[in-house]
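The structure under discussion appears below in the form of structure tokens.
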Amino acid sequence: MPATIIIGTQWGDEGKGKVTDWLANDMDMIVRYQGGHNAGHTVIAEGHELKLHLLPSGILRPHITSVIASGLVIDPKALIAELDQIKEIGISDPNLIISSNAHLIMPYHRLLDQAAEFKLGKSKIGTTGLGIGPCYTDKASRVGLRVQDLLDMKIFREKLEVALDFKNQVLTKIYGMEPVEIDAVMDEYSVYADRLKGMIGDTSRVINEALDAGKNVLLEGAQGTMLDIDHGTYPFVTSSSPIAGGACIGTGISPIRVKRIIGIVKAYTTRVGSGPFPTEQENDTGEAMRSVGGEFGTTTGRPRRCGWLDGVILKYAVRLNGLTEIALTKLDVLSPFETIKIAVGYKHDGVVYEHMPNHQTVFHKCTPIYEEMEGWQADISGVTSFEKLPKQARAYVERIQEIAGVPIAMISVGPNRTQTMLR
Ligand code: IMP
């Protein structure tokens with residue numbers, strides 16, 4: 001069976017969790033392929049509402065094997081806190097495999113993330129402060145500690161000594177902070193090792209064998225296309241590759257094993273953290289989107305910046321990810337508006353851009369060219385079929401589909417499973 005990928009097409013928080021949850025019934029395995037606990041989604045199951053960051057969305061369903069693949073950076077403390085959360089609702093032995101190759105977020109990564117942001121002042125990236133960037137930095141510099149190092153605490157200590165020798169100089173001499181004590185880290189991570197040991201495995205093999213056996217495998221992206229380190233709004237990006245190509249790298253499967261790539265498009269746009277956002281509405285419109293859409297970060301609680309849907313970004317996401325279909329989320333949030341806008345291009349210095357400008361200064365400074373559409377101003381949260389949507393809402397969906405050039409296969413009009421329509 002080929003694999004399916006779920007991707008965020010904007011700056012994250014598109015509602016990937018809900019779509020993953022919708023597809024989960026048909027899945028045998030759900031795999032996280034990049035990022036760390038900077039991601040966040042709320043999972044509602046059996047009357048329980050859980051906020052998960054690292055655990056894949058299928059973790060509450062016994063028939064699904066959950067995999068945390070090699071492309072992740074894992075804070076074991078955060079992972080164990082989530083395992084404790086699901087234990088409280090009766091899942092004490094989850095069907096979870098953690099890649100031995102995934103990297104470990106260490107206490108100094110968190111400290112360095114926060115100190116670097118503080119030092120940047122007004123130019124800060126607005127990271128989640130959880131140590132994601134510094135951990136990926138160490139991975140690329142080949143001085144990181146990996147999950148498999150938890151299997152031999154002697155080797156773990158040797159690697160930690162080398163790392164701390166340098167990190168403590170940076171912490172004390174550059175940032176004027178206290179050094180990290182090796183014995184304290186060893187004590188802490190030995191406890192984590194005991195707890196996680198039994199879940200560590202060769203996830204590339206596990207995923208490939210599942211595909212060989214004809215199982216349905218879902219590769220679940222975190223963050224979104226515009227936060228991709230190579231293709232996003234650098235430097236205001238995360239440190240991993242959320243796009244479809246990243247799914248193969250992060251899991252260790254071949255691109256030819258992927259058939260479906262579902263892009264999640266929120267009916268408007270949001271962003272947390274700093275960086276350019278051409279369609280942002282720093283006014284009553286944006287405020288209305290934030291309050292109706294409940295646009296506050298799951299991980300940090302920060303209010304999200306809000307604005308109109310950006311068709312240029314949409315086309316860019318279709319191209320980068322090779323989307324085969326789109327799931328449109330939160331259409332109901334636009335119900336109060338008399339008119340709805342979609343950006344179909346940008347203007348800068350007298351030049352019109354129909355595609356993502358290759359010079360980011362243009363993206364920073366451009367003015368969006370909007371198309372205006374009539375709003376529907378009716379409650380659509382109980383509508384269960386596309387045909388029953390008000391004609392203005394149908395026209396909006398069809399215009400998005402036309403811009404993307406990809407079918408909109410699913411539309412969501414509320415947080416519950418029932419508030420989903422298929423086309
Ligand atoms: P980091 O991933 O913590 O390094 O943060 C880098 C940028 O990515 C910041 O702008 C964060 O707000 C953003 N970011 C990271 N994870 C998410 C997410 O799950 N949703 C939305 N934005 C995110």
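Just so you know, ligand 1 is whichever comes first in the structure, and atom 1 is the first atom listed for that ligand. Every heavy atom of this structure was used, including side-chain atoms; hydrogens, water molecules and symmetry mates were not.
- Taking every heavy atom of Arg302 and a limit of under 4.0 angstrom, the matching atoms of ligand 1 come to 11 (C), 12 (O).
- When each of Ile400, Val344, Ile340, Thr279 is paired with Leu309, the side-chain contact (heavy atoms from CB on, under 4.5 Å) condition holds for Ile400 and for no other.
- Paired with Ile5 under the rule side-chain contact (heavy atoms from CB on, under 4.5 Å), one option of Ile262, Val258, Asn321 passes, and it is Val258.
- Closest to atom 14 (N) of ligand 1 by heavy atom, among Leu227, Asn38, Thr270, Thr238, is Leu227.
- Each of Phe363, Tyr316, Tyr353 was checked for a ring-ring contact (aromatic ring centres under 6.0 Å, His included) with Tyr346, and the lone residue meeting it is Phe363.
- The atoms of ligand 1 that sit less than 4.0 Å from any heavy atom of Val272 are 10 (O), 12 (O), 21 (C), 22 (N).
- Across every non-hydrogen atom of Asn95 and Thr65, the tightest pair is ND2-OG1, 3.4 Å.
- With a 4.0 Å cut-off on non-hydrogen atoms, Asp113 does not touch ligand 1 at all.
- A salt bridge between Arg423 and Glu325 is absent, with no side-chain N of the basic residue lying under 4.0 Å from a carboxylate O of the acidic one.
- The protein atom (non-hydrogen) at minimum distance from atom 17 (C) of ligand 1 is Gln223 CG, 3.5 Å.
- Salt bridge annotation for Lys330-Asp13: absent, with no cationic side-chain nitrogen under 4.0 angstrom from a carboxylate oxygen.
- Residue contacts with ligand 1 for Arg271 are absent, since no atom lies close enough (heavy atoms, distance under 4.0 Å).
- The shortest heavy-atom distance from Val237 to ligand 1 is under 4.0 Å.
- Of all atoms in ligand 1, listed by their number and element, those nearer than 4.0 Å to a heavy atom of Asp13 are 20 (N), 21 (C).
- Near Thr128, with a cut-off below 4.0 Å to any heavy atom, the atoms of ligand 1 are 1 (P), 3 (O), 5 (O).
- Per-residue contacts place Gly126 under 4.0 angstrom from the following atoms of ligand 1 (heavy atoms of the residue considered): 9 (C), 10 (O), 11 (C), 12 (O).
- Residue contacts with ligand 1, taken as heavy atom pairs separated by less than 4.0 Å, involve Trp11 solely via the backbone atoms N, CA, C and O.
- When only interatomic distances are considered, the shortest N/O to N/O separation between Gly40 and ligand 1 does not fall below 3.5 Å.
- Using a cutoff of 4.0 Å between basic side-chain nitrogens and carboxylate oxygens, Arg146 and Asp138 are not scored as salt-bridged.
- Evaluated for a side-chain contact (heavy atoms from CB on, under 4.5 Å) with Val265, the options Val406, Leu314, Leu323 yield exactly one hit, Leu314.
- The residue from Val73, Ile125, Thr298, Thr127 that puts a heavy atom closest to atom 5 (O) of ligand 1 is Thr127.
- Under the 3.5 Å distance criterion, with hydrogens and angles disregarded, a donor-acceptor pair is assigned to the side chains of Asp379 and Ser381.
- Within the structure, the closest approach of Ser239 to ligand 1 does not fall below 4.0 Å when heavy atoms are considered.
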